[in-house]
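For reference, positions follow the sequence shown, starting with 1.
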Amino acid sequence: MKKMLLTLSLLIAGTAAAQAEGTSSHLDRVLQKGSLNVCTTGDYKPYTYLRPDGQYEGIDVAMAQSLAASLGVKVNWVKTTWKIMMDDMTSNRCDIAMGGISVTLPRQQKAWFANVLDQDGKIPLVRCEDAHKYQTITQLNRPEVRLLEPAGGTNEAFVHAYLPQAHLELSHDNMAIFQRLVDKKADVMVTDASEALFQQKHYPKLCAVNPKKPLQYGEKAYLLPKDDISWKMYVDQWLHLSKANGDYQKIIGQWLASGKKS
C-alpha cells in the first residue's frame with residue numbers, strides 16, 4: 001500500500017510539474033505523432049543488430065515493435081552509439097533507448113530506467129584453449145593481457161576500473177571483435193554474460209568464462225527520458241504484462257542460446 005501511494009504521489013507531482021512547464025509526457029507525444037523514437041546501437045547481438053540490408057533484428061528490436069504496437073504507432077529507429085547514447089537521450093532524440101543497456105548510476109543521473117529486465121554481469125570471452133588463463137581479476141589485470149572492448153560503454157568502464165594494468169584496445173566496430181579474438185589479434189573481451197553466451201554459439205573457438213559467476217553484478221533495463229513519470233509508468237506496465245503473458249519469454253527463447261560453458 002505504501003509503495004502504491006508513493007507511486008501515485010510521484011505521478012501527481014510529475015503531472016503537475018509538466019502542466020506547470022507547459023510540456024506534455026512522451027506518452028502523449030508518441031500518440032500524437034504516431035511514431036516511437038527508439039535509439040539503439042545496432043551492434044549488440046542478440047539484443048540489437050543492424051543488418052547489411054538496413055533492417056534491425058534482435059530481442060530488443062522485437063520488444064520495441066511490441067511496445068509500438070501496444071500504442072498503435074510505428075517504430076522510428078534512431079541510430080546511436082554507446083559513446084553518444086546519453087547525449088541523444090538528453091537532447092530529446094529518443095523516446096526510449098533499447099538494446100542490451102546496462103543499468104549504471106552515471107546513466108541514472110541523466111535519465112531514468114524502466115523496470116529491470118534481467119540480471120547479467122561482466123565475464124571474459126576468450127579462446128577456449130586459453131580459458132584457464134583468464135578466470136580471475138588477478139589473471140586478467142596484467143600488462144601482457146590484450147583486451148579488446150567497444151568504445152564508450154560499460155565494458156570499457158569496467159576495464160578502466162578493475163583492469164588498469166592490462167593492455168586495452170578500443171574498437172568502434174563491436175561486431176568485429178569476436179573474429180579478432182579467434183584470429184589471436186587480442187586475448188580477451190570482457191562483456192556481459194548474455195552476449196558472451198550468444199557469441200560463443202557463432203564462434204565455436206570462443207568460450208564464455210564462468211557465466212554463472214560474473215566478475216561484476218549487472219542488470220539490463222530500457223533507458224527513458226528523465227522526470228517523465230507518466231511515460232515510465234506506461235513502459236513499466238507494458239513490460240510487466242509482456243512478462244506475465246509470456247511474450248517476453250517467447251522472444252528471449254527465439255534469440256538467447258544457452259551455449260556451452262567453461
Checklist entry - For Lys33 and Asp95, what are the C-alpha separation, side-chain angles and deciding distance, and is it a side chain to side chain contact (heavy atoms under 4.5 Å, CB included)? => result CA-CA 12 Å; Lys33 69 186 178 182; Asp95 295 313; 3.1 Å; yes
Under a 4.5 Å side-chain heavy-atom rule over Ile, Leu, Val, Met, Phe, Trp and Tyr, are [X] and [Y] clustered together?
X	Y	answer
Leu241	Tyr248	no
Val116	Tyr222	no
Val209	Ile137	yes
Leu67	Leu117	yes
Leu36	Val78	no

Least distance between heavy atoms, [X] atom then [Y] atom:
X	Y	answer
Tyr56	Gly42	CE2-CA, 3.9 Å
Pro164	Asn141	N-OD1, 3.2 Å
Met85	Ala97	SD-CB, 4.2 Å
Ala196	Ala208	CB-CB, 3.7 Å
Ser171	Leu148	CB-CD1, 4.1 Å
Cys39	Asp88	SG-CB, 4.3 Å

Should [X] and [Y] count as side-chain neighbours, where that means a heavy-atom distance under 4.5 Å?
X	Y	value
Ser194	Tyr47	yes
Asp173	Pro150	no
Val126	Asp187	no
Lys226	Met89	no
Gln135	Lys213	no
Leu168	Glu149	yes
Met86	Leu223	yes
Tyr217	Asp120	no

Residues [X], [Y]: salt bridge by 4.0 Å N-O rule:
X	Y	value
Lys232	Asp228	no
Glu57	Arg51	yes
Lys133	Glu144	no

Item to check | Set of salt bridge (charged side-chain N to carboxylate O under 4.0 Å, His left out) partners for Glu219, sequence neighbours left out | outcome: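 Applying salt bridge (charged side-chain N to carboxylate O under 4.0 Å, His left out) to Glu219 gives none.
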Side-chain donor or acceptor of [X] paired with backbone N/O of [Y] under 3.5 Å:
X	Y	result
Lys220	Gly100	yes
Arg127	Leu181	yes
Asn245	Asp247	yes
Arg107	Ser102	yes
Lys122	Gly218	no
Ser66	Ala62	no
Asn174	Asp43	yes
Gln108	Thr104	no
Glu156	Gly152	yes
Asn155	Val190	yes

Item to check | Lys205 charged N/C atom sitting above Tyr203 aromatic ring, 6.0 Å / 45° | outcome: no
Next on the checklist: The criterion is ring pair (Phe, Tyr, Trp, His ring centres under 6.0 Å); which residues satisfy it with Phe113, sequence neighbours excluded?
Outcome noted: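 With neighbours one apart ignored, the set is empty.
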Checklist entry - Phe158: what forms a ring pair (Phe, Tyr, Trp, His ring centres under 6.0 Å) with it, not counting sequence neighbours? => result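 Checked Phe158 against ring pair (Phe, Tyr, Trp, His ring centres under 6.0 Å); matches are Tyr162.
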Mind checking the [atom1]-[atom2] spacing from [X] to [Y]? Nearest 0.5 Å is all I need.
X	Y	atom1	atom2	value
Cys94	His26	SG	NE2	9.0 Å
Gln32	Leu27	CD	CG	9.5 Å
Leu71	Trp238	CG	CH2	9.5 Å

Taking atom [atom1] as the centre, does [X] end up with more than 12 heavy-atom neighbours from other residues, nucleotides or ligands that are less than 6.0 angstrom away?
X	atom1	value
Lys110	NZ	no
Lys250	NZ	no
Lys184	NZ	no

Next on the checklist: Set out, in order, the CA-CA distance, both residues' side-chain angles and the distance that settles side chain to side chain contact (heavy atoms under 4.5 Å, CB included) for Ile251 and Met63, then state yes or no.
Outcome noted: CA-CA 8 Å; Ile251 291 171; Met63 289 298 287; 3.6 Å; yes
Next on the checklist: Ring-plane angle category for Trp82 and Tyr44, please: parallel below 30°, perpendicular beyond 60°, tilted otherwise.
Outcome noted: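 Geometry flag for Tyr44 against Trp82: perpendicular rings.
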Next on the checklist: Under a 3.5 Å cutoff, is there a donor and acceptor pairing between the side chains of Asp60 and Thr48?
Outcome noted: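 Per modelled atom types, Asp60 and Thr48 side chains form no pair under 3.5 Å.
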Item to check | Verdict with supporting geometry, Asn37 and Ile96, side chain to side chain contact (heavy atoms under 4.5 Å, CB included) | outcome: CA-CA 7 Å; Asn37 290 342; Ile96 188 170; over 6 Å; no
Next on the checklist: Among Arg180, Arg146, Lys185, which residue satisfies the side-chain hydrogen bond (donor to acceptor under 3.5 Å, both in side chains) criterion with Glu169?
Outcome noted: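 Exactly one candidate clears the test, Arg180.
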Item to check | Step-by-step side chain to side chain contact (heavy atoms under 4.5 Å, CB included) determination, Met98 to Val38 | outcome: CA-CA 7 Å; Met98 306 173 76; Val38 180; 3.9 Å; yes
